[in-house]
Amino acid sequence: QGFCGSIESRISLFVQKSHSGIIVLQAVSFMATRRARAPEEGQGLAKRRRPAKGETPPPIVQPSGRSSAAVDPHLASRDPAEFLKRCLAPMEVSTFMSECWAKSAVATHGPPSRFRSLIRHFMHDLELPLLLEDTPTDPVHAWIRRAAPANQTPAASSTASSSSAPASTDAPAQPGRKADPPPLDSIKVDAEAALSLARAGAALYFRAPEELENLLVSGFANALGSSFAGRYAGDGKPRGEIETFVASSGHITGWHTDFQHNFTFQLRGSKTWRFKAGPVENNVRALTPHYKSRSNYEQQMKLHLISDPSCLEFKPPDVFFEDAEEVTLTPGSILYHPAGIWHQVLCNSDDTLSINVSLSCATWGDVIGDAMRQLLWPSALLRAPLVGIAGNLAETKKAAEAALAEVRERAAALTADDLLAPVLVEERKPPKRVNLSNSRLGMALPVRPADRFCFCRLSAIVPLPNKGSRDATTSSSSSSDESSEEVESSGPSSAAASASGRRRVGAGAGKRYALHINFGNEDVASWLRIRLDAPQPLTASLEWLRTQELAARSAEEAKAQSSGHFPKSKTPGLGSFTARELLAVINNSSKNLAKATCWTRTARLLRVLSHCGYLQKVRSPTSTSKRAIRGVHRTTKSTSRPGTMRKVRRNH
């Protein structure tokens with residue numbers, strides 16, 4: 001008698017409160033959704049049929065069984081692969097990546113005790129005052145409900161506010177109702193006010209402690225093999241964050257999509273999530289129908305409409321969500337939900353608390369887009385400001401066509417080797433500082449005196465002032481304090497070696513350089529920056545390499561200006577030199593060293609700079625043709641012995 005609303009709303013609330021009544025209510029089919037409840041201990045859900053090629057994958061997948069393995073955030077740093085394995089257990093990681101990643105939500109369940117370390121050491125035993133004190137968010141977002149004015153419909157009130165945070169409703173839309181209740185407004189408050197509002201029943205949204213964020217965001221990115229795409233260009237910080245959600249029973253976050261990939265940890269209380277397939281694969285921005293800012297709506301819709309969506313609406317009609325699939329999370333549950341999937345969240349109990357790890361890894365569009373802009377900057381034509389174009393459409397179009405022609409020619413010179421320095425992909429986290437005299441990076445690369453090398457089109461080596469000089473404090477805006485930089489780990493003696501190298505360079509016997517690769521974004525932030533410490537014997541070599549690189553760039557631009565076309569190169573990269581030429585430079589600068597020692601230094605320098613992406617080893621086409629010719633001769637000589645000829649062919 002105390003509930004108000006329709007029969008459907010009363011039954012919905014009964015389902016939330018009484019698990020024992022779920023089967024009965026399902027039997028009479030009052031609920032229009034399909035529930036996918038967490039499997040009980042010792043029980044498992046029936047295996048889903050794997051979707052056929054071209055078939056839409058299921059919105060939610062729950063593997064059979066439960067996992068009790070501890071999910072310790074420290075493990076995310078020590079062994080990211082094992083951490084991801086425990087989060088997804090009993091589902092195999094390979095199954096998750098091939099069948100569910102970016103396609104379906106995945107819910108795994110376990111006892112609350114598997115989060116003991118996370119809660120005790122990072123989440124202040126779920127004490128809300130301490131969590132609010134430790135959050136890097138300032139201010140905190142609080143969701144409260146405001147009644148609509150008497151002369152305003154609820155639907156109109158949902159668009160009246162200018163808040164930029166997502167809004168929610170406190171009751172689900174029910175069949176037959178003429179209007180939804182007014183949405184919950186998002187207001188920004190300080191920690192003290194947020195605590196008072198939470199005690200009064202408001203929902204809170206704020207970031208989790210920064211220490212936990214650094215561990216889990218990096219851990220998931222490394223476990224998923226994101227490599228450099230899991231870090232921001234420039235500062236190298238993890239691309240993602242962890243949000244903390246605190247809400248009471250009955251609170252609902254309305255239907256929306258995200259543009260991040262998410263892992264939710266249910267720490268306290270219970271929530272029911274509903275899912276429907278999203279309209280865009282790998283969406284650029286979210287769709288949040290409850291956002292109240294008109295600017296957010298236009299930004300989201302213009303990106304949505306150019307992404308080949310399966311549905312053009314900002315929000316599909318209510319009938320679209322009637323057959324949504326559900327899953328209930330309890331303490332110990334972990335939920336992966338991909339970017340772009342429609343979802344709605346209902347709190348089933350008071351004082352619920354969960355954290356959500358959001359990952360926004362870089363895309364090929366991000367990396368290639370930055371590279372493309374950097375390739376255009378050397379052109380004086382493309383750097384020129386656009387003036388004198390007003391009122392002269394025909395001439396402006398001609399100028400635009402000429403610029404586009406040059407863009408196409410320069411874009412054709414970009415290769416995968418330019419984009420992907422081995423250190424970006426093969427190392428979990430590239431070193432921030434490398435001593436060129438003892439580094440072991442790239443030691444697997446074979447180097448011979450006759451081998452040819454070229455320069456990466458996206459690289460630049462900048463000389464840095466020595467410590468104590470007038471310009472030392474402004475030498476690099478993208479690097480942190482040198483005492484906090486990570487040094488390449490090359491064995492037990494790496495720390496001592498790096499320290500000795502630092503003393504040699506700091507004493508004035510060598511120089512420091514900064515290697516930058518792919519910095520074509522608006523902030524001119526590098527996807528890779530490594531400080532190179534070059535002791536005296538190698539300083540002359542680096543200066544020679546820089547001179548060769550700049551001469552190659554100047555020659556290429558001179559040809560482009562004289563011919564009117566960007567020159568096409570038969571080999572990738574920029575310029576060309578042999579290892580023997582670099583060896584001669586080292587011999588001249590180190591006359592007291594043995595020839596074998598000079599070659600060792602030459603080979604090491606070429607390997608390190610190739611591994612870091614400044615140089616590229618040129619693949620010689622002559623070696624391939626010679627092997628082919630030798631194969632022809634061997635086949636010809638064996639024509640009198642058919643069996644031998646067949647053996648040679650098999651070996652080839």
Task: salt_bridge(Glu557, Arg410) N-O dist < 4.0 Å - done: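 Yes, this pair counts.
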Task: Salt bridge flag under 4.0 Å for residues Glu395 and Lys398 - done: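 So Glu395 pairs with Lys398 through a salt bridge.
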Going from [atom1] on [X] to [atom2] on [Y], what distance comes out if it is rounded to the nearest 0.5 angstrom?
| X | Y | atom1 | atom2 | result |
| --- | --- | --- | --- | --- |
| Leu375 | Glu406 | CG | CD | 11.5 Å |
| Leu583 | Arg601 | CG | CZ | 12.0 Å |
| Leu88 | Cys100 | CG | SG | 9.0 Å |
| Arg433 | Arg531 | CZ | CZ | 5.0 Å |
| Arg239 | Gln260 | CZ | CD | 11.0 Å |
| Glu241 | Asn214 | CD | CG | 12.0 Å |

Please tell me whether [X] and [Y] have a donor and an acceptor in their side chains that are separated by less than 3.5 angstrom.
| X | Y | result |
| --- | --- | --- |
| Ser437 | Asn435 | yes |
| Asn262 | Asn356 | yes |
| Thr578 | Glu581 | yes |

Closest contact, heavy atoms only, [X] versus [Y]:
| X | Y | value |
| --- | --- | --- |
| Trp342 | Ala277 | CD1-O, 3.3 Å |
| Ala221 | Gly230 | CB-CA, 4.2 Å |
| Leu458 | Gln374 | O-NE2, 3.0 Å |
| Pro431 | Val423 | CD-CG2, 4.0 Å |
| Ala403 | Leu381 | CA-CD2, 4.2 Å |
| Ile530 | Cys612 | CD1-SG, 3.8 Å |

Donor-acceptor pair, side chain of [X] and main chain of [Y], under 3.5 angstrom:
| X | Y | result |
| --- | --- | --- |
| Arg207 | Glu243 | no |
| Ser526 | Arg529 | no |
| Arg604 | Leu436 | no |
| Lys429 | Gly236 | no |

- [ ] Could you give me the CA-CA distance, side-chain angles and deciding distance for Ser360 and Tyr232, then say whether side-chain contact (heavy atoms from CB on, under 4.5 Å) is met?
- [x] CA-CA 10 Å; Ser360 54; Tyr232 284 107; 4.1 Å; yes
Taking C-beta and beyond as the side chain, do [X] and [Y] meet within less than 4.5 Å on heavy atoms?
| X | Y | value |
| --- | --- | --- |
| Phe228 | Leu528 | no |
| Asp451 | Leu606 | no |
| Glu281 | Asp308 | no |
| Leu609 | Leu545 | yes |
| Leu419 | Asn518 | yes |
| Phe314 | Leu287 | yes |
| Phe453 | Ser610 | yes |
| His611 | Glu426 | yes |

TODO: Applying side-chain hydrogen bond (donor to acceptor under 3.5 Å, both in side chains) between Arg546 and each of Glu543, Glu549, Gln548, report the one that passes.
DONE: Glu543
TODO: Give me the ring orientation class for Tyr614 and Phe455: parallel if the planes are under 30° apart, tilted from 30 to 60°, perpendicular past 60°.
DONE: perpendicular
Open item on the list: Which label fits Trp101 and His261: parallel for a plane angle under 30°, tilted from 30 to 60°, or perpendicular past 60°?
Closed with: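 Aromatic pair Trp101/His261 classed parallel.
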Task: Contacts of type ring-ring contact (aromatic ring centres under 6.0 Å, His included), residue Trp599, not counting sequence neighbours - done: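 In terms of ring-ring contact (aromatic ring centres under 6.0 Å, His included), with neighbours along the sequence ignored, Trp599 is linked to no residue.
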Task: Partner of Trp544 under side chain to side chain contact (heavy atoms under 4.5 Å, CB included), chosen from Thr539, Asn588, Ile586, Leu582 - done: Leu582
- [ ] Give the intermediate values and the outcome of side-chain contact (heavy atoms from CB on, under 4.5 Å) for residues Leu84 and Phe220.
- [x] CA-CA 7 Å; Leu84 180 62; Phe220 274 116; 3.9 Å; yes
TODO: Apply side-chain contact (heavy atoms from CB on, under 4.5 Å) to the pair Lys237 and Arg231, showing each step before the final yes or no.
DONE: CA-CA 5 Å; Lys237 291 183 178 180; Arg231 300 181 292 272; over 6 Å; no
- [ ] Just do the side-chain contact (heavy atoms from CB on, under 4.5 Å) check on Asp258 and His256 with the steps written out, would you?
- [x] CA-CA 7 Å; Asp258 298 328; His256 66 284; 3.3 Å; yes
